[in-house]
Amino acid sequence: MADSSPAISHLKQLGLTAGEAQVYLATLQEAGSKSVSAYKVAQSLGKDPANVGKSLSALERQGAVRVVQDRPRLYLPVPPEEFTEAVLDRLK
């Protein structure tokens, strides 16, 4: 996934890093309507699971994903419209 894609650019404008934006988009793609692990997202991106886990933790703090299970830790992405609206509300 290129850092210059429109989706990555939009997410960076919302305050995410390029890496966080990639992880968020991969989480949306992998999760669908079910939860997903950092390992599964890392596999889809070809990245280190520990780094993806750190990005998912940052995304959780920013409200882009929710933790739905602790052990194993599973994430559910917040729909893009809801995430964008929440960020814009915080900026107001």
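Just the heavy atoms: all of them, side chains too, but no hydrogens, waters or symmetry mates, feed the values below.
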Determine whether Leu45 and Leu74 fall in the same hydrophobic cluster, where Ile, Leu, Val, Met, Phe, Trp and Tyr are linked whenever their side-chain heavy atoms lie under 4.5 Å apart. no
Mind listing the closest non-hydrogen atom pair of Pro49 and Ala42 along with its distance? CA-CB, 3.6 Å
Reported OG-to-CZ distance for the pair Ser37 and Arg73, which is rounded to 0.5 angstrom: 12.0 Å
Answer with yes or no whether the hydrophobic clustering places Val36 together with Leu76; edges join I, L, V, M, F, W, Y residues whose side-chain heavy atoms lie under 4.5 Å apart. no
With a cut-off of 3.5 Å and sequence neighbours excluded, list every side-chain donor-acceptor pair involving residues 50-61.
unit_1 : atom_1 : unit_2 : atom_2 : d
Ser55  : OG     : Asn51  : O      : 3.4
Ser57  : OG     : Gly53  : O      : 3.2

Residues at least two apart in sequence or cross-chain that pass side chain to side chain donor-acceptor pair (under 3.5 Å) with Lys47, listed by chain then number, are Gln22
All ring pair (Phe, Tyr, Trp, His ring centres under 6.0 Å) counterparts of Tyr75, not counting sequence neighbours: none
Applying the 4.5 Å side-chain criterion to the ILVMFWY set and letting contacts propagate, would Leu28 and Val68 be lumped into a single cluster? no
Residue pairs, two or more places apart or on separate chains, that pass salt bridge (charged side-chain N to carboxylate O under 4.0 Å, His left out) and touch residues 17-28: none
Nearest-0.5 Å distance that lies between atom CG in Leu14 and atom OH in Tyr24: 9.0 Å
Where Gln69 and Arg71 come nearest, the two heavy atoms and their spacing: NE2-O, 3.3 Å
Sequence neighbours excluded, the answer for side chain to side chain donor-acceptor pair (under 3.5 Å) partners of Gln43 is Tyr39
Looking at NE2 of His10 and CG of Leu16, how far apart are the two atoms once the value is rounded to the nearest 0.5 Å? 9.5 Å
Determine, step by step, whether Ile8 and Leu25 satisfy the side chain to side chain contact (heavy atoms under 4.5 Å, CB included) criterion, reporting the C-alpha distance in whole Å, the side-chain angles of both residues, the deciding distance to 0.1 Å, and the verdict. CA-CA 8 Å; Ile8 298 284; Leu25 292 174; 3.7 Å; yes
What pairs meet the side-chain hydrogen bond (donor to acceptor under 3.5 Å, both in side chains) rule with one or both residues in residues 79-92, with sequence neighbours excluded? Arg66-Glu82
